[in-house]
Each structure stands twice: as C-alpha cells, then as structure tokens.
Amino acid sequence: MVVNVIKIGGAAISGKNGIFNLIDILRGNDEKSILVVSAFGKTTRRLAECAVLAESALIDDALLRLTSIIGYHENILKDIEFNNQLLNSR
C-alpha cells in the first residue's frame with residue numbers, strides 16, 4: 001500500500017488563500033495520505049524570538065510578541081470565517 005505524505009506550511013498557508021488552497025489539495029487527492037502541517041508563514045521564527053526574549057528575562061517583551069503571534073492566527077481564522085462547516089463550504 002502506498003501512502004502519500006503531504007507537508008505544507010510557511011508562506012503556502014500564511015493567509016486565507018493558503019488555507020483554501022490546502023483544502024483544495026486535500027479534496028483533489030483520492031489516495032491515502034498523511035498531512036503534515038507546519039507553522040504558518042514566519043511563525044517558527046517569531047516563536048524563536050519569543051524564546052530568546054524570555055531567556056533574556058525580557059518577559060514583557062516576550063509576552064507582547066506572543067500576543068502578536070496569537071492575534072495573527074486569530075485574524076486568519078476570522079478571515080476565513082472558520083466554523084465547523086469550513087470543509088463543506090467550498
């Protein structure tokens with residue numbers, strides 16, 4: 001049995017269009033697949049920056065940066081009007 005592994009992340013899923021492209025890829029794939037989704041665009045770097053700030057005892061700066069990361073992801077969810085019917089809406 002052949003199983004495809006699809007890895008997507010970074011700029012490819014950094015916004016509304018990227019999320020819908022991912023859904024289209026999954027819908028167009030009739031084979032057994034494993035989907036690996038890595039961090040949205042620039043999230044890994046931003047999380048690393050948070051860690052450096054926290055390690056340097058700049059906790060307020062780290063929390064501010066983390067709040068920004070969370071807001072970024074929340075805005076993407078709002079932009080795609082995320083709900084339980086997302087996969088059925090396209």
Is there side-chain contact between [X] and [Y], with heavy atoms separated by less than 4.5 Å?
{"X": "Leu26", "Y": "Leu35", "value": "yes"}
{"X": "Ile19", "Y": "Leu77", "value": "no"}
{"X": "Cys50", "Y": "Ile69", "value": "yes"}
{"X": "Ile6", "Y": "Val36", "value": "no"}

For Gly10 versus Ser38, what's the shortest heavy-atom pair and its separation? N-OG, 4.1 Å
In Å, rounded to the nearest 0.5 Å, how long is the span from [atom1] of [X] to [atom2] of [Y]?
{"X": "Ile8", "Y": "Leu22", "atom1": "CD1", "atom2": "CG", "result": "5.0 Å"}
{"X": "Asn4", "Y": "Lys32", "atom1": "CG", "atom2": "NZ", "result": "11.5 Å"}
{"X": "Leu53", "Y": "Leu66", "atom1": "CG", "atom2": "CG", "result": "11.0 Å"}

Cation over ring, Arg46 on Phe40, under 6.0 Å and within 45°? no
Taking only Lys NZ, Arg NE, NH1 and NH2, and the carboxylate oxygens of Asp or Glu, determine whether Lys78 and Glu74 approach each other closer than 4.0 Å.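 Glu74 and Lys78: not salt-bridged.
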Is there a path from [X] to [Y] through hydrophobic residues (I, L, V, M, F, W, Y) whose side chains come within less than 4.5 Å of each other?
{"X": "Leu64", "Y": "Leu58", "answer": "no"}
{"X": "Ile70", "Y": "Leu63", "answer": "no"}
{"X": "Tyr72", "Y": "Phe20", "answer": "yes"}
{"X": "Ile13", "Y": "Ile25", "answer": "yes"}

Donor-acceptor under 3.5 Å (Thr43 side chain, Ala39 main chain): no
